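Here is the structure we will look at, set down as structure tokens.
These numbers come from a predicted model, not from an experiment.
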Amino acid sequence: MQQKLNKEIWKAVQFHPLFQGVDERTALSLVEECEALTYGKKEILLKTDTPRQGLLLILQGIAEVFVKNAAGQEEVLEVIRKGEIVGFSSLAEFLGFTNADKPQANVEVRSVEDVQALLIPYSVLAKRWDDQDVHDYLLSQVSIRLKDVYGSLAEQVKMAKGIGEGETILARVQDLMTEEIAFVSPETSIKETALKMSSHKTSSVLVMDQHELKGIITERDIVGRVVAKGIPVEEPSRLVMTEKPVTISRFAYYYDALSEILLNGIKHLPVVDDGKISGVITLTDLLRKKNDSVMRTIKKIEESDEKSLPEIRAAIYEVTETLIRDRVPSLALLDIITKLYDRLIGRAVELSLKALREKGFEPPAPFAFYLMGSAGRGEQFMLTDQDHFLVYGDTNDHDYFEKLGAEITAMLESAGYARCKGLMMSSEEQWRGTLQQWQDRVRKWMLQSTNDNLLLAHNFFSYRFAAGSQALDQEFEAKIAELLDRSKIFLYRMVQTEKEQEIPTLDEPIRALFKLGRKSIDMKKEVLFPFHHSLQILSLYYEGIPGTPLEKITSFKEKGIFTKGFTADLKEAFSHVLDLYIRQRWENKGGSSVLSFATMSTRQKDELILSLRTLRELQGMVFARFSV
């Protein structure tokens with residue numbers, strides 16, 4: 001029996017670097033010295049402060065290395081999957097640098113699911129130690145593991161520093177998800193699916209075919225696609241499922257899941273790793289763990305009327321305060337908050353349409369409502385001045401859209417958005433019009449590239465569709481693309497203007513800056529504006545690549561315009577600058593964007609210097625493209 005088991009183990013590990021290259025007889029003798037182990041879910045594989053006997057090779061399942069902090073809370077340092085080894089700290093003991101009898105480990109290893117493992121004792125390592133391939137493998141694994149652990153540790157320390165509620169933000173999806181999964185096949189009738197929802201007391205079921213996730217069906221789908229449209233309940237579930245649903249890893253963080261849910265406008269996320277489904281996490285799961293501030297905010301937005309709109313600003317600010325206090329990375333924070341503001345904008349448009357309808361006015365043509373400025377770039381973390389415009393289809397009834405523009409502007413003002421001092425709002429005639437009027441307007445900016453027109457164009461081209469007809473939006477995008485095809489002189493003028501506002505390098509040591517009299521930097525005017533303008537010019541040059549700054553950067557990489565390395569550097573630099581900017585503005589309650597070097601740590605200063613250097617490189621690419 002034991003011999004048969006050893007052969008099965010050898011077949012499982014024969015291609016692993018620790019056993020590869022030896023004959024079967026030798027391999028079996030090595031396996032005989034190893035110990036096959038099985039662990040149930042949540043069982044401890046390696047205990048803290050316990051002498052290690054060797055390395056542990058995971059044959060099946062997933063395990064995690066975790067540590068308990070002073071408050072007794074657990075933090076996961078790394079995840080170990082099939083074919084990977086845990087216990088590298090014991091190599092120091094094997095090599096004789098520490099005493100193997102003296103407990104030194106302060107971490108534990110626990111199974112995430114059922115695990116099969118092989119304990120490889122020091123005696124086996126000793127017999128394989130002279131093989132150079134084994135040396136190379138262990139060195140590479142230790143190096144990779146060290147990098148991953150440091151990265152994970154740094155991320156968690158950064159997020160947890162100085163906060164009181166970090167235990168929630170640091171929570172993993174696997175700690176919050178529901179593991180009991182209700183699922184049906186694509187051919188299961190809608191009626192059976194509804195009955196399964198009821199019997200399992202769940203608001204969603206997964207649609208599976210041969211263990212492969214095909215879709216998801218929620219209560220909202222049953223109501224909206226079955227009841228509302230009258231689809232017979234005997235029809236198969238595949239007709240009403242949402243195909244290719246958004247998924248998330250069980251090892252993702254709380255804020256990752258919250259961001260995905262808000263960003264995609266969904267309430268259920270299947271949890272999938274390597275094609276294997278391990279659970280479902282819902283918005284309710286996330287908010288039950290934290291508090292109901294986000295849920296209350298979303299509900300408040302969706303149920304708001306003209307009288308309650310002013311309350312929403314305080315609710316969103318409360319969520320923002322929590323995310324900033326919990327040191328959520330700036331890009332994740334913006335994903336969440338921008339989505340809440342988008343809901344607010346959509347609600348304001350709905351209420352404006354409703355107000356006009358109650359007065360007997362109906363839209364004479366489809367329309368599209370667009371945001372500009374920080375809202376257009378998806379970077380709004382606090383309410384700013386209004387920046388928006390209105391596009392509508394061919395009609396002679398311009399009066400309706402004059403009323404709609406005025407209504408939306410007033411509605412947003414009541415929600416806390418101040419009116420734009422530059423009057424860049426759809427309540428103004430020059431910021432609304434038909435497709436043809438907009439094409440003529442933008443063409444004029446391009447032909448008459450005065451400084452004022454360039455300023456208008458820069459703000460305009462930060463636009464993002466917010467509400468209305470998607471078909472009209474596509475038509476509008478096509479019209480703008482036609483103009484960009486003949487806009488090289490206009491872009492050249494934009495680049496010339498940017499040449500006057502180069503991003504500072506700060507290449508000199510920070511201490512030397514004080515002698516030069518430079519003690520601060522305006523993050524908005526000197527850094528973010530030039531960065532956005534450079535990215536925008538490149539976007540327009542390459543046929544108007546749409547999206548937020550991150551979406552544009554990703555698109556540039558996919559088109560081969562940016563290298564993979566530069567893309568990573570640029571995203572990191574942008575993220576770091578945003579971190580400084582958001583916290584500076586938030587602490588000043590929306591005041592000055594000027595950052596004083598005296599308030600920064602040495603590390604922050606060094607990171608800022610590197611970030612500015614990368615952003616200048618982007619700006620340099622623009623200058624070089626137009627030989628300026």
Side-chain angles (χ1 to χ4, degrees), residues 218-220 223-224 242 246 255-269 282-287 290-324 328 331-355 367-390 404 407-418 425-426 463-470 473 547-548 551:
T218 66
E219 288 179 343
R220 186 169 60 180
V223 174
T242 298
V246 179
Y255 65 77
D256 292 322
L258 183 59
S259 177
E260 286 288 353
I261 282 176
L262 293 179
L263 202 60
N264 291 284
I266 57 180
K267 294 183 179 180
H268 304 79
L269 270 178
T282 67
L283 182 59
T284 303
D285 294 329
L286 295 173
L287 299 176
K290 180 68 178 172
N291 53 54
D292 64 349
S293 62
V294 177
M295 178 70 85
R296 282 189 287 106
T297 302
I298 293 173
K299 186 176 181 180
K300 190 171 288 187
I301 293 172
E302 293 178 346
E303 297 179 355
S304 61
D305 55 25
E306 297 165 67
K307 294 181 180 179
S308 60
L309 270 181
E311 302 172 10
I312 295 175
R313 174 180 179 176
I316 296 180
Y317 274 32
E318 178 187 338
V319 176
T320 308
E321 172 68 32
T322 299
L323 297 175
I324 289 178
V328 171
L331 297 178
L333 179 150
L334 288 174
D335 275 348
I336 295 171
I337 299 305
T338 296
K339 192 61 179 178
L340 290 177
Y341 282 130
D342 284 353
R343 284 174 179 263
L344 172 56
I345 295 291
R347 185 58 179 161
V349 173
E350 286 176 8
L351 291 173
S352 299
L353 290 168
K354 179 184 176 183
F367 72 90
F369 181 73
Y370 295 87
L371 301 173
M372 299 183 290
S374 61
R377 294 189 296 269
E379 294 176 10
Q380 194 166 68
F381 58 95
M382 59 199 327
L383 291 188
T384 56
D385 292 353
Q386 297 186 44
D387 280 296
H388 50 79
F389 64 89
L390 197 59
L404 180 60
E407 196 72 44
I408 292 174
T409 300
M411 202 71 72
L412 290 177
E413 185 177 23
S414 70
Y417 285 91
M425 303 172 291
S426 56
Y463 69 77
R464 182 166 60 90
F465 175 72
S469 168
Q470 293 184 340
D473 169 51
T548 63
E551 290 169 343

Taking C-beta and beyond as the side chain, do [X] and [Y] meet within less than 4.5 Å on heavy atoms?
X: Thr338; Y: Arg464; result: yes
X: Glu321; Y: Glu318; result: no
X: Leu344; Y: Leu309; result: yes
X: Tyr341; Y: Leu371; result: no
X: Thr218; Y: Lys267; result: no

Practice problem: Applying side chain to side chain donor-acceptor pair (under 3.5 Å), name anything that partners Thr320, two or more places apart in sequence or on another chain. | Solution: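 Counting only residues at least two positions away or on another chain, Thr320 forms no side chain to side chain donor-acceptor pair (under 3.5 Å).
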
Quiz item: Listed by chain and number, what are the side chain to side chain donor-acceptor pair (under 3.5 Å) partners of Thr384, not counting sequence neighbours?
Solution: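 Gln380.
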
For [X] and [Y], work out which heavy atoms get closest and say how close.
X: Thr282; Y: His268; answer: CG2-CD2, 3.6 Å
X: Thr409; Y: Met425; answer: CG2-SD, 3.7 Å
X: Ser469; Y: Ala368; answer: O-CB, 4.1 Å
X: Leu269; Y: Ala257; answer: CD1-O, 3.8 Å
X: Pro310; Y: Ser414; answer: CG-O, 3.1 Å
X: Asp387; Y: Gly373; answer: CB-N, 4.4 Å

Distance, nearest 0.5 Å, that separates [atom1] of [X] from [atom2] of [Y]:
X: Glu350; Y: Ile408; atom1: CD; atom2: CD1; value: 11.0 Å
X: Asp473; Y: Phe369; atom1: CG; atom2: CZ; value: 13.5 Å
X: Lys354; Y: Arg347; atom1: NZ; atom2: CZ; value: 6.5 Å
X: Ile336; Y: Ile316; atom1: CD1; atom2: CD1; value: 12.5 Å
X: Met411; Y: Glu407; atom1: CE; atom2: CD; value: 5.0 Å
X: Asp335; Y: Glu379; atom1: CG; atom2: CD; value: 11.0 Å

Practice problem: Look at the aromatic rings of Tyr370 and Phe389 and report parallel, tilted or perpendicular, splitting at 30° and 60°. | Solution: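 Geometry flag for Phe389 against Tyr370: parallel rings.
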
